[in-house]
Amino acid sequence: MATEERPYAEEARAVVAASRALLEELLEEGVESLPAPAAALETAAAATPAAAAAELPPALTLEAVRQELGDCQRCRLCEGRKSIVFGDGDPRADLMFVGEGPGEVEDRQGLPFVGPAGELLTRMIERGLGVQRSDVYICNIVKCRPPRNRTPLPDEVATCRAFLDGQIEAIAPKAIVALGKPAASLLLGRDIAITRVRGTWHDYRGVPVMPTFHPAYILRQYTPENRRLVWEDLKAALERSRS
Ligand code: SF4
């Protein structure tokens, strides 16, 4: 293969891996058919090759991590965003929530989890756990909205993860809740099935991680059983963050 063709081969491998992960997640969640076309394939085909993963100096404050991010154009997700959705909440929070990526409302407002799924998450935090949303910290594994809300591609996640790592290091939470498969897979370092790992403790850079369902999934599958499971996971995470 000619040297100049390699970036496209890498791009294709990333798309296949992301598509497979998405299909596995959809199957887990009981989705049996999909509307065409596949957004991830279209987007990746039109995308430019991603930049190398960012590297941050150690021991930055949250503000410094945000400054380092700047008007980031390190991956293709910058192309369609309205705003960079960095994070929201207490910079010294004991409990941190990490989701997948901003949706349409989040992109418009520049804040994470403010659309319908975010409203559910806020209710779970405030009414369920009895904690103000402003007392926890909420962010995503990528800071820019993926087109059509597709799952972020592996190279996009890899490029953006230095900023999530910087946020975790600066905040130093006592517990992290990973919301949904992409966030949990990144923090656990392997491709996971959320139905199998939710409710169990893991570790990311010395911080306990509790994977649970994404609130968007709960909205789609609003069953008493799913709500009970998420409630148990969030309660365990809150207790751990207070220990
Ligand atoms: S998703 Fe992250 S790495 Fe990509 S452009 Fe946005 S901030 Fe930069």
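What you see below is based on every heavy atom in this structure, not just the backbone, and it leaves out hydrogens, waters and symmetry mates. The first residue of the sequence shown is numbered 1, and numbering continues consecutively from there. What you are looking at is a predicted structure, and each value in this text was computed from that prediction instead of being measured.
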Side-chain heavy atoms of [X] within contact of [Y], under 4.5 Å:
X	Y	result
Arg227	Tyr222	yes
Phe213	Thr195	yes
Ile84	Cys144	yes
Pro211	Val177	no
Ile168	Pro173	yes
Glu100	Pro152	yes
Cys139	Phe163	no
Leu187	Leu164	yes

>> Less than 4.0 angstrom from a charged side-chain N to a carboxylate O is my criterion; do Arg205 and Glu169 meet it?
In response: yes
Would you say [Y] ends up clustered with [X] if hydrophobic residues are merged whenever their side chains have heavy atoms under 4.5 Å apart, either directly or through other cluster members?
X	Y	value
Leu56	Tyr137	yes
Ile171	Val131	yes
Phe86	Val114	no
Val136	Val85	no
Leu186	Tyr217	yes

Backbone of [Y] reached by a side-chain donor or acceptor of [X] within 3.5 Å:
X	Y	result
Glu232	Leu229	no
Glu156	Arg76	no
Asp107	Pro102	no

Which atom names give the shortest non-hydrogen contact between [X] and [Y], and what distance separates them?
X	Y	value
Gly103	Glu106	N-OE1, 3.1 Å
Ala117	Ala216	CB-N, 3.7 Å
Met124	Pro215	CE-CB, 4.2 Å
Ala237	Met210	CB-CB, 4.4 Å
Gln167	Lys143	OE1-NZ, 2.6 Å
Cys160	Val142	SG-CA, 3.8 Å

Would you compute the distance between atom [atom1] of [X] and atom [atom2] of [Y] and round it to the nearest 0.5 angstrom?
X	Y	atom1	atom2	value
Leu121	Glu126	CG	CD	9.5 Å
Asp203	Leu188	CG	CG	9.5 Å
Glu104	Arg148	CD	CZ	13.0 Å
Leu129	Leu238	CG	CG	5.0 Å

>> Among Arg240, Arg228, Arg198, exactly one meets salt bridge (charged side-chain N to carboxylate O under 4.0 Å, His left out) together with Asp233. Which residue is that?
In response: Arg198
> Around atom CD of Glu63, are there more than 12 heavy atoms of other residues, nucleotides or ligands at under 6.0 Å?
Replying inline: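 Open.
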> Is the CZ atom of Arg127 crowded by more than 12 outside heavy atoms at less than 6.0 Å?
Replying inline: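 12 or below, so no.
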>> Please determine whether side-chain contact (heavy atoms from CB on, under 4.5 Å) holds for the pair Leu179 and Thr212, giving the CA-CA distance in whole Å, both sets of side-chain angles, and the decisive distance to 0.1 Å.
In response: CA-CA 5 Å; Leu179 298 165; Thr212 195; 3.9 Å; yes
>> Name the residue from Ile176, Asn140, Ile125 that meets the side-chain contact (heavy atoms from CB on, under 4.5 Å) definition with Phe97.
In response: Ile125
> Which of these passes side-chain contact (heavy atoms from CB on, under 4.5 Å) with Ser185: Val197, Ile194, Ile192?
Replying inline: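 The passing option is Ile192.
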> Do Arg133 and Thr122 get their side chains close enough for a donor-acceptor pair, meaning under 3.5 Å?
Replying inline: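 Yes, Thr122 and Arg133 have a side-chain donor paired with an acceptor closer than 3.5 Å.
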> Checking side-chain contact (heavy atoms from CB on, under 4.5 Å) for the pair Leu62/Arg92: CA distance, chi angles, key distance, verdict?
Replying inline: CA-CA 9 Å; Leu62 197 57; Arg92 300 194 311 176; over 6 Å; no
